[in-house]
Amino acid sequence: MGQIYITELSRHVGEEVTLKGWLYNMRSSGKLLFPQLRDGTGIVQCVVAKNSVAPEVWEALKPLGQESSLVVTGSVREDNRAPGGVEIDVRDAQVLQNAHDYPITPKEHGTEFLLDNRHLWLRSKKQHAILKVRHTVVKAVRDFLDHDGFTLCDTPIFTPAACEGTTTLFEVDYFGDEKAYLTQSGQLYNEATAAAFGKVYCFGPTFRAEKSKTRRHLTEFWMVEPEMAYATLDDVMDLAERFLSYIAARVLEDRAEELKALERDTSKLEAIIPPFPRLHYDDAVKMLDEGFEQGALEQKFEWGGDLGAPDETYLSSKFDKPVMVHHYPAAVKAFYMKRDPERDELALGVDVLAPEGYGEVIGGGERATSLEFLQKQIAAHDLPQEAFEWYLDLRRYGSVPHAGFGMGVERCTAWMCGIEHVRETIPFPRMLYRLTP
RNA sequence: UCCGCAGUAGCUCAAUGGCAGAGCAUUCGGCUGUUAACCGAAGGGUUGUAGGUUCGAGUCCUACCUGCGGAGCCA
C-alpha cells in the first residue's frame with residue numbers, strides 16, 4: 001500500500017493505509033496511545049492498542065515527543081469520537097526520529113517567541129490555515145488576470161532609482177561602483193510592458209525601508225500590479241471591483257475549512273460583490289468632518305491631506321464593502337498620476353479601503369500621458385531626468401491613456417482571514433526589527 | 001523619529017517594599033477512549049543591563065537595551 005494523504009482518508013474507510021508525517025500531539029491511557037498525526041494536508045487521530053502492535057512498536061511509540069517523524073500503517077475507521085470523523089487503528093509504525101523538547105507546546109505563547117520560532121510555528125493549525133488562504137489568494141489573482149487577457153511581465157527587483165522618489169529604499173552595493181535599490185513598485189516598468197502587450201501584470205516581492213511598525217506593514221511584501229493601455233480611472237475601478245470580488249469568492253469556495261479554523265465571519269466575505277461604493281475625495285472629506293463633529297474622530301481632517309489610518313478606518317466602517325476613494329489632491333499622490341482635466345489640483349487616483357479596518361488594500365489610478373507635464377513633474381520632485389529618459393520615451397512614442405493599480409497580497413490575505421496582523425500572512429515576515437529566521 | 005506599554009523557570013504568567021511561585025513543557029511512575037486528557041513525583045532562576053534610594057528591591061527612582069501597540073509614511 002502506497003502513501004495516502006490525510007485529506008484523502010474519507011475515501012479509504014475500511015482500507016489499510018500508510019501515512020507519513022509528524023506527531024502533532026499524543027495522549028495516552030495505560031495500554032492505549034492516541035497519537036495525532038500531521039502530514040501537511042491535515043491531522044488525524046490514531047489509536048494504538050498495546051495488544052494489537054508488536055512489543056517493539058509499542059515501546060518505540062510510547063516515548064515520542066511532539067513533532068517526532070513517523071510512518072504509520074493501519075486501517076481507516078469512521079468514528080464520531082474523532083475530531084476529523086475518521087481514525088486510524090494502528091497495526092504497524094516506523095519511527096524516523098524521536099523529537100524532544102519541541103519549543104511550541106500546546107499552551108499559549110507570545111508573539112516574539114513564536115516569530116523567533118517561525119520556522120516551526122508554520123506547522124501550527126492556525127498558521128497552516130492562513131498560508132493556505134494566502135496560496136488561494138495568489139492563485140485567484142493569477143487565474144483572474146490570466147483569464148481576463150492580462151500577460152504576466154515581471155519587472156526587475158534591482159532598480160537604478162526610486163520609482164516614486166519620496167519613499168525610503170533599500171540600497172544595495174552593485175559591483176562596487178554603482179548603487180542599486182530594491183524595487184518598491186513595478187509601476188513604471190509596467191507602463192512599458194503595457195505599451196507592448198496591452199494588458200499586463202507583474203507579481204513579485206516589493207521592498208519598503210520605511211520605519212513603520214503597525215499591523216499593516218512589512219518591509220518585504222508581495223504586490224500584484226495590473227496595468228492596462230487605453231484605460232481610464234473608471235476602468236481601473238471596474239477592474240478592482242471585479243478583481244477583489246473574484247478573490248473573495250475563490251477563498252470562500254476553496255478554503256471553507258481553513259476559514260472555519262480561523263473562525264472567520266464569512267458573511268463579511270460574502271458581501272464583497274460589485275458594485276463597490278465610489279467616494280469622491282471631496283465627499284470623503286465631508287464624511288470625515290461629520291465624523292469629527294460626532295466625536296468619532298479625534299482630529300479634524302483638513303482638505304488637501306492624505307487619509308490617515310484612523311480616517312481610513314472611519315470611512316470604511318460606514319460601508320460593508322470595500323470603498324473606493326478617488327480624485328485625491330495631486331499633491332499627496334505620485335508624480336506620474338494624471339491630473340483631473342476639470343480640476344488641475346486633483347489626481348485621477350483611487351485607493352480601495354477594505355472594511356473592518358484593514359485599510360488600503362489597493363492603490364492605483366490613471367497615469368499622465370503628456371511628455372511636457374512629466375518633465376515638469378520630474379523637475380519639481382527633484383528627480384534626475386536622465387534616469388527617467390526611458391520612461392519619458394513611452395510618452396514620445398505612441399502615448400496613450402493608461403491606468404492600473406497595485407494590491408498588497410498580505411493585506412488582502414489578512415483581510416480574507418480576519419486576522420490582526422499581516423506578519424502571519426507570509427511564511428517568513430520581514431519587519432523593522434525582524435530579519436530572522 | 002515621536003507617544004504609550006512591557007521585560008521573572010524552556011514557554012505563558014503570579015508574587016502589599018519582607019523566604020522566588022503556579023500551569024504547560026521535560027524526566028520518572030499510574031490509567032484500555034483520550035479530546036489543550038487526567039492523577040502522583042522530580043529537576044529547572046544572575047527577576048533585561050548598569051547605577052541609585054532603603055535595615056531590606058522582582059516591586060520605588062534614573063539611564064540604557066530589547067520587544068510590543070500606535071502615529072507619521074504606505075500596499
Side-chain angles (χ1 to χ4, degrees), chain A residues 24-36 43 45-52 58 62-63 65-67 77 79-84 87 89 99-117 120-121 124-125 163-164 166-169 184-187 205-225 240 298-299 305-313 332-334 350-354 357-364 405-415 420-423 425-426 431-434:
Chain A
Y24 194 74
N25 196 12
M26 179 141 73
R27 288 178 279 270
S28 68
S29 181
K31 305 288 188 294
L32 284 178
L33 299 176
F34 299 95
Q36 290 189 299
I43 295 173
Q45 175 162 287
C46 305
V47 184
V48 186
K50 190 175 184 181
N51 58 17
S52 59
W58 176 262
K62 207 174 149 189
Q66 243 185 304
E67 292 300 322
R77 176 171 46 75
D79 193 321
N80 52 24
R81 286 174 295 187
E87 283 188 342
D89 285 322
H100 278 291
D101 297 315
Y102 185 68
I104 303 176
T105 65
K107 290 278 178 177
E108 302 155 12
H109 298 283
T111 309
E112 190 189 355
F113 174 79
L114 289 169
L115 284 172
D116 284 340
N117 288 283
L120 303 174
W121 191 21
S124 303
K125 278 181 193 166
C163 284
E164 303 182 18
T166 53
T167 321
T168 321
L169 294 165
Q184 59 180 351
S185 167
Q187 162 60 33
T206 303
F207 307 88
R208 302 271 167 100
E210 293 155 357
K211 296 201 167 180
S212 300
K213 332 192 290 181
T214 79
R215 69 185 67 162
R216 299 179 301 279
H217 286 87
L218 297 170
T219 54
E220 176 183 320
F221 65 97
W222 283 64
M223 185 157 69
V224 56
E225 296 173 271
E298 285 182 19
Q299 291 202 323
D306 203 357
L307 302 180
D311 306 318
E312 287 184 0
T313 304
V332 300
K333 287 294 174 186
V350 58
D351 282 354
V352 183
L353 309 180
Y358 284 97
E360 186 184 341
V361 73
I362 279 180
F405 64 75
M407 183 190 78
V409 167
E410 290 76 18
R411 283 190 185 177
C412 181
T413 304
W415 170 33
E420 270 293 294
H421 206 299
V422 293
R423 65 189 162 208
T425 64
I426 187 166
M431 296 180 292
L432 181 52
Y433 296 117
R434 179 165 296 277

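So you know, we letter chains A, B, ... as the sequences are listed, proteins then strands, and number each from 1.
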- Message: With rounding to the closest Å, how many angstrom separate the P atoms on B:G43 and B:G48?
- Response: 25 Å
Provide a list of protein-nucleic acid N or O atom pairs under 3.5 angstrom, restricted to nucleotides 23-29 of chain B.
unit_1	atom_1	unit_2	atom_2	d
B:U27	OP1	A:His100	ND1	2.9

- Item | Spacing between A:Leu114 atom CG and B:C68 atom C1', to the nearest angstrom | 14 Å
- Query: Between A:His217 (NE2) and B:C73 (P), how many Å, whole number?
  - Reply: 10 Å
- For A:Gln184 and A:Arg208, work out which heavy atoms get closest and say how close. O-NH2, 2.6 Å
- Message: When you measure from the side chain of A:Glu410 to the backbone of A:Phe221, do you find a donor-acceptor pair of N or O atoms at a distance under 3.5 Å?
- Response: no
- Which part of the nucleic acid, if any, lies within reach of A:Arg216 when heavy atoms closer than 4.0 Å are counted: base, sugar-phosphate only, or nothing? base
- Message: Checking contacts here: which listed nucleotide (B:G10, B:C74, B:A71) is nearest the side-chain heavy atoms of A:Glu210?
- Response: B:C74
- Query: Going by ring centres under 5.5 Å and near-parallel planes (under 30°), is A:Phe34 stacked on B:G33?
  - Reply: no
- Which part of the nucleic acid, if any, lies within contact of A:Leu33, taking any heavy atom under 4.0 Å across all strands shown: a base, the sugar-phosphate backbone alone, or nothing? nothing
- Any chance you could encode RNA chain B as dot-bracket? Rule is Watson-Crick or G-U wobble with both distances under 3.5 Å; [ ] for pairs crossing earlier ones, | for another strand. (((((((..((((....[..)))).(((((.......))))).....(((((..]....))))))))))))....
- Is A:Arg77 near enough to B:G33 that one of its side-chain N or O atoms lies under 4.0 angstrom from OP1 or OP2? no
- Result for 5'-nearest mapping on RNA chain B, choosing between A:Asp89 and A:Thr214, is A:Asp89
- Item | Separation of the P atoms in B:A15 and B:C55, to the nearest angstrom | 26 Å
- Same-atom distance (C1') from B:C74 to B:G67, integer angstrom: 23 Å
- Message: How many whole angstroms separate atom CG of A:Leu353 from atom C1' of B:A75?
- Response: 12 Å
- side-chain contact (heavy atoms from CB on, under 4.5 Å) between A:Val47 and A:Arg77, intermediate numbers included: CA-CA 10 Å; A:Val47 184; A:Arg77 176 171 46 75; 4.2 Å; yes
- Query: For the side-chain contact (heavy atoms from CB on, under 4.5 Å) test, which of A:Leu114, A:Leu115, A:Asp116 pairs with A:Glu112?
  - Reply: A:Asp116
- Message: Of the options B:C74, B:U66, B:G69, whose atoms approach the side-chain atoms of A:Glu112 most closely?
- Response: B:U66
- Answer yes or no: is there a side-chain heavy-atom contact under 4.5 Å between A:Leu353 and A:Leu307? yes
- Using the side-chain contact (heavy atoms from CB on, under 4.5 Å) rule, take A:Leu120 and A:Glu67 through it: C-alpha gap first, then chi angles, then the decisive distance, then the call. CA-CA 10 Å; A:Leu120 303 174; A:Glu67 292 300 322; over 6 Å; no
- Proximal nucleotide (of B:G69, B:G33, B:C74) relative to the A:Glu312 side chain: B:C74
- Close side-chain approach of A:Met431 and A:Val422, heavy atoms under 4.5 Å: no
- Query: Please give, in whole Å, the distance from B:A75 P to A:His421 NE2?
  - Reply: 18 Å
- Which part of the nucleic acid, if any, lies within reach of A:Arg434 when heavy atoms closer than 4.0 Å are counted: base, sugar-phosphate only, or nothing? nothing
- Query: Residues in side chain to side chain contact (heavy atoms under 4.5 Å, CB included) with A:Ala49, at least two apart?
  - Reply: A:Leu32, A:Asn51, A:Ser52
- Item | Whole-Å gap separating P (B:G7) and CG (A:Asp116) | 18 Å
- Sugar-phosphate, base or nothing in reach of A:Asp306, heavy atoms under 4.0 Å: sugar-phosphate
- Is there a donor-acceptor contact under 3.5 Å from the side chain of A:Gln66 to the main chain of A:Ile104? yes
- Message: Please report the distance, rounded to the nearest Å, between CZ in A:Arg411 and C1' in B:C74.
- Response: 6 Å
- Distance in angstrom units between A:Ile104 CD1 and B:A36 C1', rounded: 15 Å
- Checking all strands, does A:Ser28 fall into the base, sugar-phosphate, or nothing category for heavy-atom contacts under 4.0 angstrom? base
- When the P atoms of B:G69 and B:G56 are considered, how many whole Å apart are they? 40 Å
- Quick one: A:Lys62 NZ to B:U32 C1', roughly how many Å, whole number? 13 Å
- Message: Work out how far the P atom of B:C61 is from that of B:U53, and round it to whole angstrom.
- Response: 15 Å
